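These numbers come from the heavy atoms of this one structure, side chains and all, not from hydrogens, waters or symmetry mates. Numbers restart at 1 for each chain; the letters A, B, ... are given by sequence-line order, proteins then strands. Owing to the predicted nature of the structure, the values given are computational and were not obtained by experimental measurement.
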Amino acid sequence: MRPAILDGLNPEQRRAVCYERGPLLIFAGAGSGKTRVIVHRAAYLIENGVVPSDILCLTFTNKAAQEMKTRLRGILGTETSGVWAGTFHAFGAWFLRHEAHHVGYTRSFQIYDEADQRSLIAKCMKELNLKTERGIDATIAWIANISRDTLRDISKIPHRLRFDPLPVIALYEQKKRDFGVFDFADLLTVPSSVLTAMPPVRSRYQNRFQHILVDEYQDTNTAQYTLLMQLISQEANITVVGDDDQSIYGWRGADVGNILRFKDDFPGAEVIILEQNYRSTEDILEAASSLIANNLYREPKRLRAARGKGSRGLEIRELYDDEQEAASLAHTVDELIASGKSPAEIGVFYRINALSRLVEEAFVRRGIPYKVYGGIRFYERREIKDVLAYLRIIANPKDEEALSRCINTPPRGIGEKTLSELQRFARSRGKPTALILKEALEHSVVRGAAARGLKEFLSLVQVCSSGGAGSDIADMIEVIIERSGIKRSLEGELDGPDRLMNIRELMSSASGQTDLTRYLEEKALMSAMDVDAGDAVSVMTLHMSKGLEFDHVFILGVEEGLLPHSRSMDTSLDIEEERRLLYVGITRARRDVVLSWARVRAMYGRESFQIPSAFLAEICHST
DNA sequence: ATTAGCCATGTTTTT
DNA sequence: CATGGCTAAT
């Protein structure tokens, strides 16, 4: 046995790492070395003869998966790329690349993100002659998603629509099939149904993955749970790790019950509880514990501190207004950096993305290097989506959503009317619109300015599809932005230079890659979390902070209505999740935490008077 | 077909 | 505030 694998582990951790076969449940409190245990367990398995490709490791973010593989390589010093590590959604996508033909898809399917989904739903509503009020597409998307995430009937999902969304969702499902695309929920439910319906496929995958490790198990939803159960073989070499106190995705269908019921799913499962906290100083831990103790729905437990008192510990700051709050934050961060701290050891969290602006402004003013995670995600930017739409239509001509996004971007005379003419023509031929464009021109379905524009568009797509633009995706993008006129039209825009820079960034990330389908899949599943900050202060939502740690943590806007958020104060369960959110934030800190709140805060342009979060009192009573 | 500009409107968290 | 949908003008 390589000593490094068991070195420095406490008895419980060691027991978890060395557990031989069968189901294993690890309750791992914040900072108790969860990642360490997973990585070492995988290393232990490999060291003991398990082939890396027999191991499936499901994590919450791609970054966590990457981290795990890097650390694994660090311990074993050998190539471990055979370990399949990624998110449930990434796994679903990978599975479907191989098995989509069972459900009538090709392996070059596209994955629709939320924006694509909403836009397609809006189209369905139009087709059904329903009037599309503001935000209604988002509501229906939500219903369509949550019903599949929780495996509930659409009719069982409570909503306040004045009509039945079922026909819309049915049409949406139909169109997805026609276009050959999947949405996020499909990535979980479709693999699950393929595995259920096809025993030979099921046993093939069960055979392949002899050992399954699942991180953040408390945040799995019913669809993920069901998929997982299909993958587990008779032997049930399944290890799940989680912490019910850190369940913060209930609104997305996560069911803490999954982890609490594990013992029922697998009678005789080994249960190991990691309560020794190696991360935070004692006073931080005390504050966190007294806060979370107010939750009723949890397994009672107590983290033990392995570290002593911190320099500052926990501080609560009351500020006059949000500007002051940001200024005070920037001031303290400045001092920390001046005293030799690395910006990378500082984390700033808040409940809603909207708060990032003030932080950015204050940091810019002081010249503090920072990186904001989340918010408007890179791949959701207009210019990026435009370029990707071209790539998508090249990869999959059936993707009507992509076509309607790029066929007139930038404007080239092909309006709504021309497009629907083309679509009608396509339907009469029983082919995807993108494939009848040439025919349509020959038959003069379109004429005049529209025909000129269409010719341009068609020749561009043909050049790329036929490889005339080279096989490197970066070169392809270059051709696209030149010939489509995207570049020229951006040059005339106010924030054009920024947008062009984003496209350049996209190109450099694509450079050297040639597999278009695979590239697009990566982009579709990539989250803002998956890049590294470098030497900068990390700024993000509390949700994003899960799984990370910093010496110094600042949490802003700890006020009633914001944390707990006003939209999450209906039930005591909602409040408990909000409390867990703050708990997660506090337990990210190694040395000290500053919680701040402002008496006056600008909300939608008007000032609002705030009162401190009730959670602050729950922390103070004990300290 | 396109775009400028007005109005209303509504705000969580993300794979 | 900032986004989005709509109207009116080109």
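- In terms of position along DNA chain B, the nucleotide closest to A:Ala450 lies nearer the 5' end than the nucleotide closest to the other residue of the pair A:Asp149 and A:Ala450.
- Protein atom CG of A:Asp215 is 15 Å distant from nucleotide atom P of B:dT15, rounded to whole Å.
- A:Phe95 places its CZ atom 19 Å from the C1' atom of B:dT15, with the value rounded to the nearest Å.
- Rounded to whole angstrom, the span from the NZ atom of A:Lys126 across to the P atom of C:dG5 amounts to 9 Å.
- Contact check for A:Leu56 versus A:Tyr205: no side-chain heavy atoms found under the 4.5 Å cut-off.
- Nucleic acid contact class of A:Asp113 (heavy atoms, under 4.0 Å, all strands): none.
- For the pair A:Arg97 and A:Phe109, the cation-pi test (distance below 6.0 Å, angle within 45°) is passed.
- The side chain of A:Thr418 has B:dA1 as its nearest neighbour among B:dT14, B:dT15, B:dA1.
- With respect to A:Arg579, the side-chain contact (heavy atoms from CB on, under 4.5 Å) criterion is satisfied by exactly one of A:Asp574, A:Val584, A:Asn295: A:Asn295.
- Distances were taken from every side-chain heavy atom of A:Ile352 (C-beta onward) to each of B:dT15, B:dT13, B:dT2; the shortest belongs to B:dT13.
- When only modelled atom types and interatomic distance are considered, A:Asp399 and A:Tyr112 share a side-chain donor-acceptor pair under 3.5 Å.
- Heavy-atom distances to DNA chain B give each of A:Gly415 and A:Glu578 a nearest nucleotide, and the one nearer the 5′ end belongs to A:Gly415.
- The shortest distance between the side-chain N/O atoms of A:Asn353 and the OP1/OP2 oxygens of B:dT13 is below 4.0 Å.
- Contact check for A:Tyr217 versus A:Leu58: no side-chain heavy atoms found under the 4.5 Å cut-off.
- For the pair A:Leu358 CG and C:dC1 C1', the computed distance is 12 Å after rounding to whole Å.
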Which atoms of nucleotides 4-10 of chain B (N or O only) lie under 3.5 Å from a protein N or O atom, and what are those distances?
none

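- Of the listed nucleotides (B:dT3, B:dA1, B:dT13), B:dA1 has the atom at the smallest distance from the side chain of A:Lys417.
- A sub-4.0 Å separation between OP1 or OP2 of B:dT2 and a side-chain N or O of A:Asn408 is present.
- Heavy atoms of A:Arg580 sit nowhere under 4.0 angstrom from any nucleic acid atom.
- Distance, A:His543 NE2 to B:dT13 C1': 4 Å, rounded to whole Å.
- For the atom pair CZ of A:Phe615 and CG of A:Asn294, the computed distance is 8.5 Å after rounding to the nearest 0.5 Å.
- Rounded to whole Å, the distance from OH on A:Tyr373 to C1' on B:dT13 is 18 Å.
- Residue A:Tyr249 is classed as a sugar-phosphate contact, given heavy-atom separations below 4.0 Å to backbone atoms only.
- Between the CG atom of A:Asp574 and the C1' atom of B:dT13 there is a distance of 12 Å, given to the nearest Å.
- In summary, of the residues considered (A:Leu556, A:Val372, A:Thr541), a side-chain contact (heavy atoms from CB on, under 4.5 Å) with A:Ser356 occurs for A:Val372 alone.
- Regarding A:Leu573, its CG atom lies at a distance of 21 Å from the P atom of B:dT13, rounded to whole Å.
- Cation-pi geometry between A:Lys455 and A:Phe457 is not met: the NZ or CZ atom fails to fall both under 6.0 Å from the ring centre and inside 45° of the normal.
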